[in-house]
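Sharing a structure, written as structure tokens. Questions coming.
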Amino acid sequence: MLSHSFFDRKTLTVARELPGKYLVRKINGKIWRGKITETEAYVGPHDLACHSSRGKTPRNTPMFAEAGTIYVYFTYGMHWMLNIVTEGKDFPAAVLIRGTENITGPARLTKFFKIDKSLNGKKLGKKTGLWIESDSKIENSKLKILRMPRVGVAYAGKIWANKPYRFIQS
DNA sequence: ACGATGATGAAC
DNA sequence: TTCATCATCGTA
């Protein structure tokens, strides 16, 4: 199980290293796993696509907590988005988990793994029922990772919308 | 290409 | 209190 120290690093590094790791969900003794294939980095308050760029609000408060905290928010009136908080406490940055090998799309992923507001603000771990594991057979440095602009962030302006902060395992 | 669908945050 | 917006998806 990946610990706090994995997430307490530069957000781009974490986003680049999460593909190939396993997202694990445990509910009532049942376990679901999915190999992460796609992530996006939201690198901090200076990043105009990042929720924390407009300061601390009730919604984004979990982003200001320690690395490894779960940040789940609701959007478009029907979808939950799963993020993992990165870097030091009070530096609000996170990685959006966009897809696993069996599921493409951040909203479909949360629906499949039954992730909603009840996990918001909790820490990754067995107690929470959501954590991330590495597979010793998979060497991240050998994976082919494609870098692309982030999706759905045109509102942030060209500079930030065009940053290649989306990581896809091909 | 567009409508669903409602929480969120900023303005008033 | 109102109102535009939204880190999306299914259907057409």
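Letters A, B, ... mirror the listed sequences (proteins, then strands); counts begin at 1.
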**Separation of atom OH in A:Tyr42 from atom P in C:dC6, rounded to whole Å** = 12 Å

**DNA chain C: 5'-proximal contact among A:Lys111 and A:Val153 (nearest heavy atom)** = A:Val153

**Request:** In whole angstrom, give the distance that lies between atom CG of A:Asn60 and atom P of C:dC6.
**Result:** 15 Å

**Message:** Show the nearest heavy-atom pair for residues A:Met81 and A:Pro106, with the distance to one decimal.
**Reply:**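 For A:Met81 and A:Pro106, the tightest heavy-atom pair comes out as SD-CB, 3.6 Å.
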
**Request:** Report yes if a side-chain nitrogen or oxygen of A:Lys56 is closer than 4.0 Å to either non-bridging phosphate oxygen (OP1 or OP2) of B:dG9; otherwise report no.
**Result:** no

**Prompt:** Which part of the nucleic acid, if any, lies within reach of A:Ala49 when heavy atoms closer than 4.0 Å are counted: base, sugar-phosphate only, or nothing?
**Reply:**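 Since a base atom lies under 4.0 Å of A:Ala49, the category is base.
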
**Item:** Spacing between A:His51 atom NE2 and B:dA7 atom P, to the nearest angstrom
**Value:**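 Whole-Å distance recorded here is 16 Å.
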
**Request:** Using the side chain to side chain donor-acceptor pair (under 3.5 Å) rule, take A:Arg54 and A:Asn60 through it: C-alpha gap first, then chi angles, then the decisive distance, then the call.
**Result:** CA-CA 10 Å; A:Arg54 269 86 65 195; A:Asn60 68 24; over 6 Å; no

**Asked** In whole angstroms, how far is the C1' atom of C:dT5 from the OH atom of A:Tyr155?
**Response** 10 Å

**Gap between atoms NZ and P, on A:Lys163 and C:dA7 respectively (whole Å)** =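 Interatomic distance, NZ of A:Lys163 to P of C:dA7: 19 Å.
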
**Prompt:** Is A:Asp135 salt-bridged to A:Arg33, going by a charged N under 4.0 Å from an acidic O?
**Reply:**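 Judged by the 4.0 Å cut-off on N to carboxylate O distance, A:Asp135 and A:Arg33 do not form a salt bridge.
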
**Prompt:** Which word best sums up how the rings of A:Phe91 and A:His46 line up, parallel for under 30°, tilted for 30 to 60°, or perpendicular for over 60°?
**Reply:** tilted

**Asked** What is the distance from CZ of A:Arg98 to C1' of C:dA7, rounded to the nearest Å?
**Response** 7 Å

**Asked** Does NZ or CZ of A:Arg25 come closer than 6.0 Å to the centre of the six-membered ring of A:Phe113, within 45° of the ring's axis?
**Response**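 Relative to the ring axis of A:Phe113, which defines the angle, A:Arg25 lies outside at least one limit.
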
**Request:** Report the C-alpha separation of A:Thr39 and A:Arg98 in whole Å, then their side-chain angles, then the decisive distance to 0.1 Å, and conclude whether the side chain to side chain contact (heavy atoms under 4.5 Å, CB included) test is met.
**Result:** CA-CA 5 Å; A:Thr39 64; A:Arg98 291 190 56 88; over 6 Å; no

For residues 157-169 of chain A, dump all side-chain donor-acceptor pairs below 3.5 Å to protein atoms at least two apart in sequence or in another chain.
{"from": "A:Asn162", "atom 1": "ND2", "to": "A:Lys158", "atom 2": "O", "distance (Å)": "3.2"}
{"from": "A:Arg166", "atom 1": "NE", "to": "A:Glu38", "atom 2": "OE2", "distance (Å)": "2.8"}
{"from": "A:Arg166", "atom 1": "NH2", "to": "A:Glu38", "atom 2": "OE2", "distance (Å)": "2.9"}

**Structure string for DNA chain B in dot-bracket form, Watson-Crick and G-U at under 3.5 Å, | interchain** = ||||.||||||.

**Request:** Answer yes or no: does a side-chain N or O of A:Arg59 lie under 4.0 Å from OP1 or OP2 of B:dG9?
**Result:**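 Yes, A:Arg59 has a side-chain N/O under 4.0 Å of OP1/OP2 on B:dG9.
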
**Asked** Taking only N and O in the side chain of A:Arg54, is any of them less than 4.0 Å away from OP1 or OP2 of B:dT8?
**Response** no

**Prompt:** Between A:Ala49 and A:Arg150, what is the shortest heavy-atom contact and its length?
**Reply:** CB-NH2, 3.5 Å

**SB check A:Lys89 A:Glu66 (cutoff 4.0 Å)** =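 Salt bridge between A:Lys89 and A:Glu66, a charged N being under 4.0 Å from a carboxylate O: no.
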
**Message:** Can you list, in residue-number order, the parts of residues 61-86 of chain A that come under 4.0 Å of DNA chain B, counting heavy atoms only?
**Reply:**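 Going residue by residue through residues 61-86 of chain A, the ones with a heavy atom under 4.0 Å of DNA chain B turn out to be A:Phe74, A:Tyr76, A:Gly77, A:Met78.
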
